[in-house]
> 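Mind looking over this structure? Questions follow.
No hydrogens, no waters, no symmetry mates; every other heavy atom, side chains included, goes into these values.
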Amino acid sequence: MTIFDLFRAKDKNGQRLADNSPAPRSVTEEIASSSRFRRWFSVYGGKYLLVIFAVISCSFILSMNNESGSYDLHLKEEDIGNRVAEQDIKAPKDLSILDPEITKQRQDEAASKVYPVYDHDPNVTSVLAQRLVDSFSYMRQVLLPLDKPKAAKTADGASENADALSDSADSDTDITRLAQRRNEILENSRRQFEQKLQSSVTDSEYALLAQTNFSKDIEQLAINILKRSMTMYVVADISMMENEYSSAFTIKNTGSLSGGEIVLTDLSRVTELKTVRDKVSAVSQDLTAQSSGLSPELKAAVTEIVKRLVCPNLTPNNTETKERREISAHNVPNVMIAKKKGEIIWRGGELLNAQQFLILQYLEAENSNKYSGQLYFSIILLSLMLVLISIQYWENIFWKINISYKDLLLLAIILAFSMAMVRLGQELGSSLPFSPPETFYLYLMPVATGAMLLRFILDRSRALMFTIILTMSTVILCNRPVVYCYYILLSCLVGSWGISHSRERSYMFKTSLYIVGVNLATIISIAGLSQRIFSMATFWEALAGIISGFVSVLLISALAPVIESVFGYITDFKLLELGNLNHPILRKLLVEAPGTHHHSVMVSLLAEPTAQAIGANPLKVRVMAYYHDIGKMKNPKYFAENQSGENPHDKIDPALSARVVKRHVTDGLKMAQEYKLGEIIEAAILEHHGTCLTGFYGKAKQLETPENPVNESDYRYQGRKPQTKEAALIMLADSVEAAVKSLKDPNPDRIMAMVSKIINGKFTDEQLNECDLTLKDLHIIAKQFTEILKGMNYTRPEYVSTSNNNRPKEKEPKENKEAKESKEAKESKEVKEKENANTDQKQTKRPDSVLYVAPYSSPEGIKHLGQV
């Protein structure tokens, strides 16, 4: 049992509605002698008083601070060494204050001790040598077909050159053609050669290498020069290492999976790329001096190719160095200034030093954050608004959210529009050089428009979904503080709540006042958190909140008709237009089928207050009731309410009667589409009979023969079962209104029994399976229908004329009167016996799944449940 159970609503006998045990009376209830006050307190007052008390208590508890004392000395940095303490200032409590200057100094020292990290790849030389092998091998392979004839004729193994091509030709023409072919192959293969070498070569260098047919000797010479030159650590620019060099470097091996690193303390083992290229020239002279068969041009070409090929094998890893230094600095413990409670911080007559300034500045900031009257007021006001508005919004909320693709598209568009407005306010605040502060433009944006549109067009569930998404997106995507999200949340909630009550366009002005009031209260509360309520910035923000409230409602008036036409939604304003009985189709219904018109109005009178009782949309139900039977205008005389004596169904077959009656659904849909009445009216027409049986099924069964069997599906409506509470309510009200009219003596007991019978029948026939009516809703509907119908079917005493022209009736003889009364009593007894017999017979045939709905939990209600 929760504390709210003490404040449950009670019936007139003083018992809680949830059970039959007497509710304990509280002290407050004993004091409240007025019945009105007691009823208000039990239903609403207790809950809201508890909420208010809890909010205020929590706000004060969270903001309590027992430490007191003033350290507001207005110290400045220039006071260090220049200002003298007027009195001793002691620590109000144990203090441990970070000394940022010394801590930063120690962190910098620790970071400076971390050696710079360089990545060393020992495989660079091998990779460069492999490039030489791959490129030269490729070219030899390309030139191999051209060299085969020469190889067959050459016996002494002379070097290949252009003159040797003549050995493979029998004439000057063949020699010329072969030379041209060779040049073409060399030209086409040059790009691939440079790609494999990953270096460019000049035309002369390429021609010299081609003259040697890219021989293995030249290849090996280049590899030897490369390996003898790359024997040290090579960097691109050694001056950078010399500038940052202190004692050592960390050399990280990146050439193997195992990694590993060493600390290099001898900088002489490191050389730069420029020095290595100079070394290539020296090594090339030593090696080529031993090869007398090479021309100077070829030697120079090989040397230049190797120079361009060499690259550093030691590169600085600045990212790794930075991370290691940050880790080293982070591991340095903070340097704290410790003071015990009561210890003197600044002695009277003493000059202020840096440490004392730091401690007193900390205490001054801490003291300024204590909760003043503005902060108490702001915290309580924000908490109260959030809690109370949430209670009002969540009360009787419909949790089952079925969202269609059209709804999802509309939600996405409105969310994008709202986020664009927030972003626009953010950009305007940061770019415009005007006097209003940046927050002025944020509060100016009509952020409540999106939630109001969704609540106005769809329902509260989707509006709530939008509000949550918008609030979270504003924090994450727009990087706004949480206090601004309070503004969005409260503005959207109160806007969607206010617009839900708008049944007239003039009421939207009240909604704008609600939004303005909440916007102002929220802005003032947020300003109070920073203790700047009376600042000029708060004035601008409050002005923006006022403008935002009115603009939000104006945008609703402008955007709602557009969304109605583009997406095909029907809003309450459109329903109000359709609910006008002077609508052309309703006037036509009044002329062509006056009985149906009266029946539709009676259904609306029956269903509208019932919709209010079960949490459905009363306006929507009323309009649906007006139009649900417009299809009867095609054949009005075939429906009982339009007949005046003769019944056309007495002269035709039951199957034909069923087709005629069922056709009023399809005719109604065509008329609704012709007059563009919208999806809600079409749903009412299609669903108000569901798949129920027509009344001609029983007559058809009586006339059934083995040659002509009766198919039940031929006598069922081909509509759709009700999908919403409103459509289901129209189905029940339509059936109940027609059935009660058929009663010869509509006394309260008979009305109660008929209502229960109709609702039970629809439930048993599974017509209510696809809507969200609950068992509790069905009991409320039965009770409301009974009460309304009892008021509609009242009786009057016989009117006795007092005119002198009318003579009084002669008294009937006593004997005739007694005989007449005896005869009437006998007939009444026979009728009751017959009804009881029919009732017993029907009750024995009822399946176990029948839902017995009685308006009242009383023996009388159960007794008359099936007597009609």
> Is it the case that over 12 heavy atoms from other parts of the model lie below 6.0 angstrom from the NZ atom of Lys699?
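Enclosed.
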> Would a distance-only check, ignoring hydrogens and angles, find a side-chain to backbone donor-acceptor pair under 3.5 Å from Gln718 to Arg716?
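Looks like yes, one N/O pair under 3.5 Å.
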> Which pair of non-hydrogen atoms, one from Ala607 and one from Ile730, has the smallest distance, and what is that distance?
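Nearest pair, atom of Ala607 first, then Ile730: CB-CD1, 4.4 Å.
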> Leu586 versus Tyr627: any side-chain heavy-atom pair under 4.5 Å?
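Side chain of Leu586 against side chain of Tyr627, heavy atoms only: contact under 4.5 Å found.
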> Mind checking the CG-CZ spacing from Leu773 to Phe763? Nearest 0.5 Å is all I need.
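These two atoms lie 10.5 Å from each other.
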> Between Gly450 and Ile414, which heavy-atom pair has the shortest distance, and what is it?
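For Gly450 and Ile414, the tightest heavy-atom pair comes out as CA-CG2, 3.2 Å.
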> Tell me if a side-chain donor or acceptor on His599 pairs with a main-chain N or O of Gly595 at a distance below 3.5 Å.
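Judged by distance alone, no pair lies under 3.5 Å.
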> Does the ring centre of Tyr626 sit less than 6.0 Å away from the ring centre of His583?
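His583 vs Tyr626: aromatic centres not under 6.0 Å.
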> If we only count heavy atoms from C-beta on, is the Ile585 to Met633 side-chain gap below 4.5 Å?
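They are in side-chain contact.
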> Give the intermediate values and the outcome of ring-ring contact (aromatic ring centres under 6.0 Å, His included) for residues His689 and His628.
CA-CA 10 Å; His689 281 300; His628 78 284; 7.8 Å; no
> Please check this pair: side chain of Lys725 against backbone of Ile614, looking for a donor-acceptor N/O pair closer than 3.5 Å.
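Yes, Lys725 side chain to Ile614 backbone: donor-acceptor pair under 3.5 Å.
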> With a cut-off of 6.0 Å (strictly less than), are more than 12 heavy atoms of other residues, nucleotides or ligands near CD of Gln612?
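Result for CD/Gln612: open.
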> Quick one: does Asp629's side chain have a donor or acceptor within less than 3.5 Å of a partner on Thr596's backbone?
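It does not hold such a pair.
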> Is it the case that the side chain of Tyr715 and the backbone of Ala700 share a donor-acceptor pair, with hydrogens and angles ignored and the cut-off at 3.5 Å?
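Answer holds: no.
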> May I ask you to decide if the ring planes of His649 and Phe696 are parallel, tilted or perpendicular, using 30° and 60° as cut-offs?
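Because their plane-to-plane angle lies in the 30° to 60° range, the rings of His649 and Phe696 count as tilted.
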> For Glu674, is there an ion pair with Lys670 - N to carboxylate O distance below 4.0 angstrom?
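Looking at Lys670 and Glu674, the cut-off is not met.
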> Check for a donor-acceptor pair, side chain of Ser742 on one end and backbone N or O of Ala739 on the other, with a separation under 3.5 Å.
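A pair under 3.5 Å: yes.
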> Do you know which two heavy atoms are closest between Ala625 and Ser600, and how far apart they sit?
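Distance-wise, the nearest heavy atoms are O-CB, 3.4 Å.
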> Who are the side chain to side chain contact (heavy atoms under 4.5 Å, CB included) partners of Thr724, not counting sequence neighbours?
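With neighbours one apart ignored, the set is Glu726, Ala727.
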> To the nearest 0.5 angstrom, please state how far the CD1 atom of Ile685 sits from the NE2 atom of His664.
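NE2 of His664 is found 9.0 Å from CD1 of Ile685.
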> Are any of the side-chain nitrogens in Glu641 or Lys632 under 4.0 Å away from the carboxylate oxygens of its partner?
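Yes, charged N to carboxylate O under 4.0 Å.
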> Of Thr786, Ile780, Ile781, which is the lone residue that meets side chain to side chain contact (heavy atoms under 4.5 Å, CB included) with Gln784?
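Looking at Thr786, Ile780, Ile781, the match for Gln784 under the side chain to side chain contact (heavy atoms under 4.5 Å, CB included) is Ile780.
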> Measure the spacing between CG of Leu677 and NZ of Lys574 and express it to the nearest 0.5 Å.
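Here the interatomic distance stands at 8.0 Å.
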> Taking the side chain as every heavy atom from C-beta outward, state whether Phe785 and Leu606 have any atom pair closer than 4.5 Å.
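Phe785 reaches Leu606 side chain to side chain.
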> Hey, could you give me the CG/CG distance between Leu778 and Leu732, rounded to the nearest 0.5 Å?
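Rounded to the nearest 0.5 Å, the CG-CG separation comes out at 7.0 Å.
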> Can a donor-acceptor pair be found, under 3.5 Å and without considering hydrogens, that links the side chain of Gln723 to the backbone of Lys721?
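Indeed, once roles are kept as given, a pair shorter than 3.5 Å links the two residues.
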> Surrounding CD of Glu679 (heavy atoms of other residues, nucleotides or ligands, distance under 6.0 Å), is the total greater than 12?
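It does not: Glu679 CD has 12 such atoms or fewer within range.
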> For a quick test of reading the model, state the closest non-hydrogen atom pair linking Ser604 to Pro609 and the distance between them.
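The pair with the smallest heavy-atom distance is O-CD, 4.3 Å.
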> Can you tell me if Glu608 uses its side chain to pair, donor with acceptor, with the backbone of Val621 under 3.5 Å?
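No, because the side chain of Glu608 does not come within donor-acceptor range (under 3.5 Å) of the backbone of Val621.
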> Considering only NZ, NE, NH1 and NH2 on the basic side and carboxylate oxygens on the acidic side, decide whether Lys637 and Glu646 come within less than 4.0 Å.
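Here Lys637 does not pair with Glu646 in a salt bridge, since their nearest N and O are not under 4.0 Å apart.
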> Any chance NZ of Lys701 has more than 12 other-residue heavy atoms, nucleotides or ligands included, within less than 6.0 Å?
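Yes, because the 6.0 Å sphere around NZ of Lys701 holds more than 12 heavy atoms from other groups.
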> Would you give the length of the straight line joining atom CZ of Arg720 to atom CG of Leu686, rounded to the nearest 0.5 angstrom?
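So the CZ of Arg720 and the CG of Leu686 are separated by 5.0 Å.
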> Specify the closest pair of heavy atoms between Pro561 and Ile556, including all atoms of both residues, with the distance to one decimal.
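Looking at all heavy atoms of both residues, the closest pair is CD-O, 4.2 Å.
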> If I take atom NE2 from residue His688 and atom OG from residue Ser735, how far apart are they, to the nearest 0.5 angstrom?
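Output value for this atom pair is 8.5 Å.
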> Just by modelled atom types, is the Gln767 backbone N or O under 3.5 Å from a matching donor or acceptor in the Asp765 side chain?
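Judged by distance alone, no pair lies under 3.5 Å.
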> Tyr697 versus Val710: any side-chain heavy-atom pair under 4.5 Å?
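Sidechains of Val710 and Tyr697: in contact.
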> Which heavy atom of Thr694 sits nearest to which heavy atom of Ala658, and what is that distance?
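Nearest pair, atom of Thr694 first, then Ala658: OG1-CB, 3.9 Å.
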> Would you find a donor on one side and an acceptor on the other, under 3.5 Å apart, between the side chain of Lys662 and the backbone of Asp714?
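Yes, Lys662 side chain to Asp714 backbone: donor-acceptor pair under 3.5 Å.
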> Give a yes or no on this: more than 12 heavy atoms of other residues, nucleotides or ligands lie within 6.0 Å of atom CZ of Arg663.
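Not more than 12 within 6.0 Å, no.
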